[in-house]
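Sequential numbering from 1 along the given sequence is applied to the chain's residues. All values reported here derive from a predicted model rather than from experimental measurement.
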Amino acid sequence: MKLYCLSGHPTLPCNVLKFKSTTIMLDCGLDTTSALHFLPLPLVHSPRLSKLPGWVSKDGSVNLEKELKECAGRVFVDSLPEFCLPQRELLDLSTIDVILISNYHCMMALPYITEHTGFTGTVYATEPTLQIGRLLMEELVNFMERVPKAQSATCWKNKDIQRLLPGPLKEVVDVWTWKKCYSMQAVNSALSKVQLVGYSQKVELFGAVQVTPLSSGYSLGSSNWIIQSHYEKVSYLSGSSLLTTHPQPMDQSSLKNSDVLILTGLTQIPTANPDGMLGEFCSNLAMTIRAGGNVLVPCYSSGVIYDLLECLHQFIDSANLGTTPFYFISPVANSSLEFSQIFAEWLCQNKQSKVYLPEPPFPHAELIQTNKLKHYPSIHGDFSNEFRQPCVVFTGHPSLRFGDVVHFMELWGKSSLNTIIFTEPDFSYLDALAPYQPLAMKCVYCPIDTRLNFHQVTKLLKEVQPLHVVCPQQYSQPPPSQAHRSDLMLELQPPPMPYRRCAVLGLPFRRRYERIQLLPELAKSLVPSAVKPGISVATVSAVLQSKDNKHILQPAAKPAPAPPSKKRKRVVEEPPEVLTPKPLLSGAVPLEHFLATLSKHGITEVKVEDTADGHILHLQAEDTLIQLEEDGTHIVCDNNEPLRIVLRDLVLRFLQKLLVQVRARSCIKKKEANHNYPEALGNITDEQHSAVPSGPPPGGKRLTDGIKQADFWHAPQPLLSDVIYNVITVTAMLHNIAVRARASLREEEGDRLGDANPRDAQLASFEAQMALVTNGSSKWTITQRCGKMAKDNKVKHWVRSHQFQHILPLNRSKM
């Protein structure tokens with residue numbers, strides 16, 4: 001599993017998750033803070049902005065007077081604002097299967113992704129996210145298109161020229177990736193790819209994973225996402241809030257037991273209390289109005305403005321502001337106010353109950369009815385006729401670079417009676433005001449950010465307890481301006497995995513299991529044997545069918561009967577043809593006991609090296625390596641076959657007991673009459689098992705014709721015992737299995753080996769076998785393995801390997 005980080009802005013994320021052959025983009029936020037490097041776009045001609053001097057380097061070698069303007073000691077680009085897009089070179093965005101949107105602020109880059117990268121997938125979002133996101137995109141396009149610029153500035157982006165520019169333009173990175181705003185045609189095309197989902201609705205993605213949106217409590221329709229398969233779970237925690245505001249409360253319980261939690265979108269003002277900021281906003285507004293001044297509130301057309309209007313509804317009468325007009329100016333002002341009233345099912349319970357009274361959920365409906373709040377699409381038309389002062393104006397854009405707010409900054413900026421109150425935390429208010437300096441109007445910074453702070457998210461993570469947390473690099477260390485504040489960072493155990501723009505993270509996440517369905521007729525043929533209370537084991541030979549990431553085990557097809565022949569043939573009763581499974585072994589190889597066993601066999605010079613997965617034993621005198629791991633044992637020697645066999649048999653000593661116990665029971669169940677071993681042999685203890693005879697019975701009596709009892713019961717030769725699970729006529733199979741193994745080997749090797757014994761035939765074969773382990777609750781876990789062996793024994797340097805399947809824990813041994 002990999003995570004590609006395409007955005008450097010922690011609250012405007014864009015990440016791509018590759019999980020189980022599915023490529024999922026998590027949000028596509030548009031970083032509009034790049035607009036702060038551009039001059040404002042006035043709706044009417046501004047003599048002040050038009051008279052700004054052009055920029056020329058100190059030595060006069062670079063002259064960009066037409067592209068760059070100086071204002072109050074800073075340099076700004078005189079062109080249409082451009083925006084910083086998510087990184088598009090880190091991976092091929094045309095391979096993205098789906099895009100998951102968490103809230104309407106995190107989808108503003110969607111047209112850049114869907115329309116210019118070859119994207120052919122699907123976008124999932126809630127209905128309020130889609131509709132309000134459409135309004136914000138429409139507003140942005142309107143702001144840009146109504147104030148066109150005749151020229152486009154590009155020369156300043158040259159690296160050699162940018163190096164000579166004064167700050168902060170000099171420090172800007174990836175300026176060549178900045179793009180101008182999209183068109184409404186691109187917006188409509190992008191949003192046509194959105195598929196609506198509701199909270200807790202499960203959506204299947206190609207049969208591989210399932211995604212589910214959860215309420216995040218931040219804004220109308222905002223979501224966190226659960227991405228899970230049968231055995232893995234990833235939670236994506238974007239902009240979320242635990243405060244009681246107008247959206248539905250946050251769903252926390254569904255985030256529990258996550259293997260990986262991707263965390264983004266924490267508050268940008270961790271030291272500011274939203275309730276305190278609302279109180280300060282109201283008090284500064286009242287002071288300005290009483291003094292005869294005007295109040296300008298640059299804001300988005302949706303979101304915090306709903307809470308501001310609700311707060312003012314309660315504050316107006318107590319502050320004697322009943323006659324003060326409030327104006328909301330935006331190309332989408334009317335639609336925004338209406339949408340907030342009709343999405344009742346996405347609101348908190350308190351506001352939902354008002355709908356059934358019936359009353360409007362938000363009090364701004366009453367402000368509109370009493371003419372205390374008026375909304376207009378722009379400053380032109382009706383607003384010019386009805387405008388009166390002192391007043392309060394809510395308008396965009398919060399960057400102060402475009403929109404109707406630019407006109408009010410030029411109109412009111414020269415009077416100290418007026419006040420501008422910043423409530424949106426996305427932009428530095430000092431950078432936003434820079435091109436308007438010198439400025440006489442008062443400035444108040446009251447950022448209202450209801451998203452989770454570090455204290456809240458730390459408490460939340462302790463409750464949901466994810467195994468691993470991934471977060472932006474900014475959250476893993478205190479802010480540079482407050483380096484001593486260790487409370488303004490995430491302190492978790494284990495520490496979170498930080499990421500930054502253009503980083504690729506390999507998540508600490510190992511897929512260990514896959515769910516496979518058994519058809520009923522195949523399940524009926526299984527003969528499980530209990531290995532311990534609640535756990536049974538059986539083997540199966542079947543055909544694995546995989547389609548749309550769903551796997552089904554089907555019974556192997558029976559060979560078609562031979563066509564009838566006119567010639568009379570001698571009737572020969574042929575036994576069923578059965579593939580020989582590889583042995584199933586269980587347990588682990590204890591290091592100390594294994595070293596003692598090696599010493600008893602004359603192998604004393606052993607160097608042990610510890611690894612993350614186990615141990616590596618270097619037999620120095622023999623120049624051989626033995627790698628012991630939890631799920632596998634590997635023996636590597638150089639052209640020393642006798643030594644390999646000796647080491648293999650020593651390893652098998654530690655892995656054979658469970659296998660003998662299971663197969664003894666299976667043999668008795670299938671063929672009780674062939675031997676006088678007690679039926680309870682399948683449940684014997686280790687001490688009892690040591691008393692079971694491993695050789696033939698007294699007198700050399702054979703279990704069946706041609707096969708000695710020793711061949712069946714010895715752990716080094718488990719060839720026949722594995723087959724017994726899958727045959728009905730055991731006697732016929734035992735009689736012919738060795739002959740058929742030799743015949744199969746002759747066909748492959750041109751009869752070179754002659755009368756090879758059955759064990760060599762088993763080693764030279766290639767097959768796949770399923771080991772099924774049930775925990776007593778009818779849930780099957782299946783692992784697949786295969787093994788092979790080199791055929792040419794004359795190669796000088798080769799590694800001969802044989803693969804075994806251990807059970808409890810599963811172990812693959814190559815020897």
Side-chain angles (χ1 to χ4, degrees), residues 1-2 16-26 91-100 118-124 193 195-197 200-213 225-234 236 259-260 507 509-526 528 537-560 577-579 581-582 584 725-726 765-775 777-788 803 805 810 812:
M1 179 188 294
K2 287 188 176 181
V16 174
L17 178 68
K18 287 195 172 183
F19 179 36
K20 290 195 67 175
S21 70
T22 307
T23 306
I24 304 172
M25 176 174 281
L26 306 173
L91 79 162
D92 185 3
L93 298 185
S94 65
T95 62
I96 294 175
D97 298 309
V98 296
I99 301 177
L100 306 181
F119 173 79
T120 57
T122 306
V123 185
Y124 290 98
K193 299 176 174 64
Q195 182 172 324
L196 300 181
V197 292
S200 301
Q201 177 182 342
K202 300 182 184 302
V203 180
E204 288 281 349
L205 301 182
F206 315 111
V209 296
Q210 190 179 75
V211 297
T212 307
W225 289 88
I226 299 296
I227 307 164
Q228 61 184 353
S229 64
H230 296 302
Y231 299 101
E232 301 92 10
K233 180 177 180 180
V234 179
Y236 177 57
D259 296 290
V260 176
L507 300 182
F509 194 82
R510 294 179 60 187
R511 290 172 52 199
R512 302 181 63 90
Y513 303 105
E514 190 67 64
R515 177 172 291 184
I516 299 180
Q517 178 184 357
L518 272 72
L519 293 184
E521 55 267 29
L522 181 61
K524 290 180 181 179
S525 66
L526 299 181
V537 177
T539 60
V540 59
S541 296
V543 176
L544 176 63
Q545 181 187 40
S546 296
K547 183 179 180 181
D548 294 334
N549 289 292
K550 294 183 178 180
H551 314 288
I552 301 176
L553 275 181
Q554 300 177 340
K558 296 181 180 179
E577 183 175 355
V578 180
L579 295 177
K582 293 293 178 90
L584 298 177
Y725 284 103
N726 300 303
S765 66
F766 178 83
E767 63 190 17
Q769 178 181 353
M770 299 292 178
L772 289 80
V773 181
T774 178
N775 62 0
S777 59
S778 301
K779 294 183 179 179
W780 295 89
T781 301
I782 302 178
T783 59
Q784 184 178 9
R785 53 88 180 165
C786 60
K788 63 182 178 180
Q803 192 169 39
Q805 178 80 39
L810 295 175
R812 297 180 177 86

Please list, chain by chain and in numerical order, all residues satisfying side-chain hydrogen bond (donor to acceptor under 3.5 Å, both in side chains) with Gln545, sequence neighbours excluded.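 With neighbours one apart ignored, the set is Gln554.
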With the side chain counted from C-beta on, respond yes when [X] and [Y] share a heavy-atom pair under 4.5 Å apart, and no when they do not.
X	Y	value
Val260	Phe19	no
Leu205	Asp97	no
Val540	Leu518	no
Val203	Val197	yes
Leu26	Trp225	no
Leu93	Met25	yes

Distance check, rounded to the nearest 0.5 Å: [X] atom [atom1] versus [Y] atom [atom2]?
X	Y	atom1	atom2	value
Leu507	Lys18	CG	NZ	13.0 Å
Ile516	Leu544	CD1	CG	5.0 Å
Lys193	Thr120	NZ	OG1	9.5 Å
Asn549	Arg515	CG	CZ	14.0 Å
His230	Lys20	NE2	NZ	6.0 Å
Phe119	Thr95	CZ	OG1	10.5 Å

Minimum heavy-atom separation for [X] and [Y], please, with both atom names.
X	Y	result
Ser94	Gly118	CB-O, 3.7 Å
Pro555	Leu522	CG-CB, 4.1 Å
Ala538	Pro528	CB-CA, 3.8 Å

Do Asp259 side-chain atoms and Lys233 backbone N/O form a donor-acceptor pair below 3.5 Å?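 Judged by distance alone, yes, a pair lies under 3.5 Å.
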As a quick check of understanding, evaluate side-chain contact (heavy atoms from CB on, under 4.5 Å) for Leu100 and Val211, giving each step before the final call. CA-CA 9 Å; Leu100 306 181; Val211 297; 4.1 Å; yes
